[in-house]
Asker: 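Shown below is the structure under consideration.
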Amino acid sequence: MKTKKQHRRELFSSHIGMLLACVGSAMGLANIWMFPARLGEFGGITFLIPYLIFLFGFSCFGLMGEYAFGKKFRKGPVQAFEQVFVEKNMPQFGVIGWFPVLSLIGVLAAYSVIMGWILKYLVLAITNSFVAMDAPAVFNSFAGTAANIPWTLLTILVTAIIVSLGIQKGIERYSTIMMATFYIVVFFIVIRALTLPNALQGVIHMFTPNWQVFFKMRVWIYALGMAFFTLSLGGAAMVVYGSYMPEETDVPKTARQTAGLDLLASVMCALFTIPAAFSFGFDPGVGPGLLFISIPNIVTRLPAGYIFGILFFLCALFAALTSSIVMLEVPIEALMSKFRISRKNAAILMSVLAAAIAVPLNFSMSVFGRFTDIVTIIIFPLAAVTGGFVIFWVYGAEKCRVDMNQTAKREIKKWFSPYMKYVYVPVCLLVVIMGILFGGL
Ligand code: PHE
């Protein structure tokens, strides 16, 4: 039942390009500024255990589902959900595919504000401005002010340019370049950090278990929330990338590789920030504190810190850009397929919309914080529930399993279907409820 249009859908051209695009989406700000901090805060291993359980035991299967669903339908969520509901004689529910798409525009707006900060700091690194800088004062005078608007707009522009080049020439090519650079460069940054005086103590601290926190619910909830966010499970992004996967793609294997490389990136980020902060006696901190206060302080004390400062912010920018690319691609795909407008026009429309939301967020840190919380704690996880429900309940987890096993070397067994319906989807819902109760994940 394939139409001409579906035949012409552009697909990823190579396994490695496809994988790096997927890994690029997965690894982002959560890996850089949340993972190391959580590891330090919750006693390394005692955080890693729940995190690994949730990453490979829950979200990796959700990722398989989103990939397989997109690959099967060769459509993004707007049209694929519509088709599923029409087939079930419930066409009136078809519109809910727009919800995960809109949620990503919100995440993109928040992301682009932070990318603006990163870009500005990359320029500060290049102009060697960290040396004489009072890091907290500079950050506070910049973040939450109109001064970040041009930087925010610049990052949206770069994202839009890459996405408007298309799947192979834009997303695949630039994700490959940026991710390959990221892994190679961060590897050297880690070596540098681990050979600093006292670095080993940082590593020991990072992995010292704290069995008291292990039994606290908060650790498990944080690990769960991060395992979902890091794999970009919001019912849309990974469906769209799945829809560009070549026919022969082994979906379960690709999902495992995505989760594995994402974990590697997180561990590498932790192996840099924690030992380096320890070596110079800084608190690695969490969120903006790490990236924009501790790191500038660290690199000014590091031998050859000028180079390392540039490389670090370049890698942070690459990590964020490869995520913002898919956040913009999702609404673009929706407009292109639903209203048949060109990729370029869709890119212009959607980046203007993202910019219109992002610009006002720059005027106040508290507005930015509130907006980001609502989007990442409530709306995005709610979109994951929506996606999980449509894929595993309405379309059917068993059908999804059969679809993905067609090209899988290692078959996913029968337990998958009840597990996704009765465990995975309720757990997604738990992420939303707990996120609201805990005020953040
Ligand atoms: N996975 C990204 C991160 O860890 C976030 C993201 C969400 C990316 C949704 C794409 C889509 O920061």
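Just follow the structure's listing: the first ligand is 1, and inside any ligand the first atom is 1. Numbers here are sequence positions counted from 1.
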Asker: Would you say Leu104 touches ligand 1, if touching means a heavy atom closer than 4.0 Å?
Answerer: yes
Asker: Quick one: are Tyr121 and Leu317 in side-chain contact, heavy atoms under 4.5 Å?
Answerer: no
Asker: Classify the side-chain pair Thr258/Tyr67 by whether it contains a donor and acceptor separated by less than 3.5 Å.
Answerer: yes
Asker: Would you mind listing which atoms of ligand 1 come within a distance below 4.0 Å of any non-hydrogen atom of Phe380?
Answerer: 7 (C), 9 (C)
Asker: Run the ring-centre check on Tyr183 versus Phe187 and record whether the distance is less than 6.0 Å.
Answerer: no
Asker: Identify, for atom 11 (C) of ligand 1, the protein heavy atom at the shortest distance, and state residue, atom and that distance.
Answerer: Ser232 CB, 3.5 Å
Asker: Under 4.0 Å, heavy atoms only, figure out whether ligand 1 is touched by the backbone of Val107, its side chain, both or neither.
Answerer: neither
Asker: Going by the atom numbers of ligand 1, which of them fall below 4.0 Å from some non-hydrogen atom of Asn31?
Answerer: 4 (O)
Asker: With a 4.0 Å heavy-atom cut-off (strictly under), which part of Phe229 contacts ligand 1: side chain, backbone, both or neither?
Answerer: both
Asker: Taking only heavy atoms of Leu29 into account, list the atoms of ligand 1 that are under 4.0 Å away from them.
Answerer: 12 (O)
Asker: Any idea which atoms of ligand 1 are less than 4.0 Å away from a heavy-atom of Thr230?
Answerer: 1 (N), 4 (O)
Asker: Counting heavy atoms only, which of Ala237, Ser266, Ala26 is nearest atom 4 (O) of ligand 1?
Answerer: Ala26
Asker: Can the positive tip of Arg38 be found less than 6.0 Å from the middle of the six-membered ring of Tyr222, inside 45° of the ring normal?
Answerer: yes
Asker: Please compare Tyr241, Tyr111, Trp33 and report which has the shortest non-hydrogen distance to atom 3 (C) of ligand 1.
Answerer: Tyr111
Asker: Between the main-chain N or O of Ser25 and the side-chain N or O of Ser323, is there a donor-acceptor pair closer than 3.5 Å?
Answerer: yes
Asker: Is atom OH of Tyr244 surrounded by more than 12 heavy atoms (other residues, nucleotides or ligands) closer than 6.0 Å?
Answerer: yes
Asker: Quick one: which ligand 1 atoms are inside 4.0 Å of a heavy atom on Val326?
Answerer: 10 (C)
Asker: With a 6.0 Å cut-off on the ring centroids, do Trp393 and Phe93 count as close?
Answerer: no
Asker: Ser25 heavy atoms, cut-off 4.0 Å: which ligand 1 atoms fall inside?
Answerer: 1 (N), 2 (C), 8 (C), 10 (C)
Asker: Assess the pair Tyr424 and Phe228: is the distance between their ring centroids shorter than 6.0 Å?
Answerer: yes
